[in-house]
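Worksheet: the structure to be examined is printed underneath.
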Amino acid sequence: MKYISTRDRSISLSSSQAIAKGISAEGGLFVPETIPSLSLEKIEELISLDYISRAKEILKLYLTDFSEDELDFCVDNAYKAGKFSSEKVAPTVKVYDNVSLIELWRGPTCAFKDMALQLLPYLLTVSAKKACPDEEIVILVATSGDTGKAALEGFKDVPNTRILVFYPVDGVSPMQKLQMTTQEGNNVSVCAIRGNFDDAQNGVKAIFTNKEIEEKFRANSLSFSSANSINWGRLVPQIVYYVSAYCDMIENGEIKLGEKMNVVVPTGNFGNILAAYYAKQMGVPINKLICASNKNRVLTDFINTGVYDRNREFFMTSSPSMDILISSNLERLLFLLSGKNDEEIASLMKQLSADGKYKVSEEVLSALQSDFAAGCCDDEETLKTIKELYEKYNYLCDTHTAVAVNVANAYIEKTGDKTPMVIASTANPYKFSKAVLSAVKSEISSTDEFSMVEELNEFTGVEVPSQLASLKNKTPRFNNVANKEDMPKVVLDMLGI
């Protein structure tokens, strides 16, 4: 299996080289040259396996230069017993009617990013030994909240790595911020920036292609990689849980082998829903992929019109991990829908950089709409959905999951589509205690984050994850705040070069 760049398909790398590099030199993203197939017979074999075994079967189709022992090392360590609060790692739970949720937040940081970022450090360690054995890897991350903590936790004290995380100073929840700023580990650094997630993401991408920094890295035997979903090593583990969800739906009696399911994903940077698209292209019987947005509805508008336009007001919402106007992974989808036309993709991305918008061809739009539907909801609707889900079905969800549930219900009502549905539940509700508490309880007595956690626990009886409760008495290690234009200097200062 070779990996090519979305902006220059003449570039061809092994999976380990693609994971070690993270992003192509000209700014393109690495994608597999071909998508492997999963037959129904193979899916039937996977049903009886546990999550670790399912993961190995899927990953070996994409990571063909990893030996069986190397893959065992990576997967066994990522998902070993005790790391996740469910034996099934990512259980699929029926909540109402024909709607199930796949709980992707059972990992150490209580967010779906753990599903990939517990595995990526092992994939990267093995990849680096193959691709750049004499260099220390510097992991550079922009985060809208969950990726930062999950990456910090995954990479802390991993040999021959350093991890640097940037987050928008006012664009994450108090719990997300505390998780990052109290992070332990000798190889970690965290800095807030004055700006939003798109500013942080653009800054990180610019640093990857900064020639001056590249020269300094070369002189110090350092090389960049990414833990954001621009790195294929972040995206490929996410394909696994959609395959696993289909197996669980069969096991739970919700569908029969060969019958289709719909998938709904709360979407920001487009990586999570793109993984579901890859699963569908492999042969998993998925009918419709439903992209759920919050008030920052750039993706909803794009899927409905074919025009991507980030020139709009940016909203800070109760679902901050989706407060994004530039969805990086959309580039990978457009590459596939355009027939792997790298020149067309390079042109679209150039337009996005210069003008903040682009329009895809009618052929691409038609292909997009055949697989995807989209919807959005604002904060008021998000909180109403949390309340309704809790009161009617005794299920407490976070704000991002609520956006997806709201959009799913609207889709069902609009289309009458009765296809069994799986919704990606992306975070534990206690990561967003203020919003969730205000949704389910009319009068709140708490005034700070942890008293809200306690009040929400007392009111609902839902267990508080120990890793969040233990943050209460921790003192932040990282209090730096920088301007977005100073990010290159901050990187060099963090590294001491």
Side-chain angles (χ1 to χ4, degrees), residues 1-6 11-25 27-34 36 52 55-80 113-141 147 150-165 187-188 204-205 207-209 214 217-218 220-240 271 275 278 328-329 332:
M1 174 75 72
K2 292 295 184 181
Y3 288 78
I4 54 178
S5 169
T6 52
I11 296 170
S12 179
L13 304 178
S14 67
S15 61
S16 58
Q17 289 171 323
I19 291 170
K21 280 182 70 68
I23 190 171
S24 191
L29 305 184
F30 293 116
V31 294
E33 196 168 30
T34 57
I52 287 178
K56 290 176 183 178
E57 290 298 313
I58 302 306
L59 292 172
K60 74 181 183 182
L61 301 176
Y62 286 98
L63 309 179
T64 54
D65 62 330
F66 281 62
S67 69
E68 185 176 342
D69 286 345
E70 288 171 336
L71 205 53
D72 286 347
F73 164 77
C74 293
V75 178
D76 289 341
N77 279 289
Y79 303 119
K80 65 185 177 184
K113 306 295 174 77
D114 289 325
M115 298 300 301
L117 284 166
Q118 284 300 301
L119 180 59
L120 180 59
Y122 297 101
L123 295 179
L124 190 59
T125 299
V126 173
S127 296
K129 286 179 181 177
K130 297 173 182 287
C132 43
D134 299 321
E135 295 178 339
E136 185 177 34
I137 303 292
V138 177
I139 311 297
L140 194 57
V141 178
T147 289
L152 289 163
E153 188 65 26
F155 280 96
K156 73 173 182 183
D157 295 327
V158 171
N160 297 316
T161 66
R162 298 280 299 276
I163 178 163
L164 319 178
V165 171
N187 63 337
V188 305
V204 164
K205 284 184 174 180
I207 290 168
F208 269 107
T209 54
E214 183 181 331
F217 268 45
R218 195 177 297 116
N220 288 274
S221 297
L222 301 172
S223 62
F224 271 133
S225 191
S226 174
N228 282 92
S229 55
I230 57 175
N231 191 322
W232 179 254
R234 251 289 301 279
L235 204 145
V236 68
Q238 295 179 280
I239 299 171
V240 174
Y278 270 100
S328 290
N329 273 290
R332 282 186 166 113

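The two residues Gly233 and Leu123 have their closest heavy-atom pair at O-CD1, 3.8 Å. In plain terms, the two heavy atoms of Lys2 and Ser12 that are nearest each other are CB-OG, 3.5 Å. Here the closest non-hydrogen pair linking Leu59 and Val236 is CD2-CG2, 3.8 Å. Residues Trp232 and Pro32 approach most closely at CH2-CD, 3.6 Å, considering heavy atoms. When all heavy atoms of Ser328 and Lys205 are compared, the closest pair comes out as OG-NZ, 2.8 Å. Shortest non-hydrogen contact noted between Val141 and Ala151 is CG2-CB, 4.2 Å.
Cys74 SG to Phe66 CZ: the interatomic distance, rounded to the nearest 0.5 Å, is 5.5 Å. Distance check, rounded to the nearest 0.5 Å: CD1 of Ile139 to CG of Leu124 gives 4.5 Å. Distance check, rounded to the nearest 0.5 Å: CD of Glu136 to CZ of Phe217 gives 9.5 Å. Of the inter-residue distances, the one linking Phe224 atom CZ with Leu140 atom CG reads 5.0 Å to the nearest 0.5 angstrom. Distance CG/Asn77 to OH/Tyr122: 4.0 Å, rounded to 0.5 Å. Atoms CZ and CD, from Phe73 and Glu68 in turn, are 15.5 Å apart once rounded to the nearest 0.5 Å.
Below 30°, between 30° and 60°, or above 60°: for Tyr278 and Tyr62 the angle between ring planes is above 60°, a perpendicular geometry.
In this model, a donor atom of one side chain and an acceptor atom of the other lie less than 3.5 Å apart for Thr161 and Asn187.
Without hydrogens or angle criteria, Tyr3 side chain to Ser16 main chain gives no donor-acceptor distance under 3.5 Å. Judged purely by atom type and a 3.5 angstrom limit, Asp114 has no side-chain atom pairing as donor or acceptor with the backbone of Ala150. A donor-acceptor pair under 3.5 Å is formed between the side chain of Arg234 and the backbone N or O of Ala227. Between the side chain of Ser225 and the backbone N or O of Ile19 there is at least one donor-acceptor pair closer than 3.5 Å.
Asn220 is linked by a side chain to side chain donor-acceptor pair (under 3.5 Å) to nothing, counting only residues two or more places apart in sequence or in another chain. Considering only residues two or more places apart in sequence or on other chains, Thr6 meets the side-chain contact (heavy atoms from CB on, under 4.5 Å) condition with Leu29, Val31, Glu331, Arg332, Phe335, Ile345. For Glu135, the side chain to side chain donor-acceptor pair (under 3.5 Å) criterion is met by Ser223, not counting sequence neighbours. Asp65 meets the salt bridge (charged side-chain N to carboxylate O under 4.0 Å, His left out) test with no other residue; sequence neighbours excluded. Remark: Lys156 engages Glu153 in a salt bridge (charged side-chain N to carboxylate O under 4.0 Å, His left out) (not counting sequence neighbours). Applying the side chain to side chain donor-acceptor pair (under 3.5 Å) test to Glu214 and every residue at least two apart in sequence or in another chain returns Arg218.
Salt bridge present: Lys130 and Glu70 bring a charged side-chain N and a carboxylate O closer than 4.0 Å.
The shortest distance between side-chain heavy atoms of Ile137 and Asn160 does not fall below 4.5 Å.
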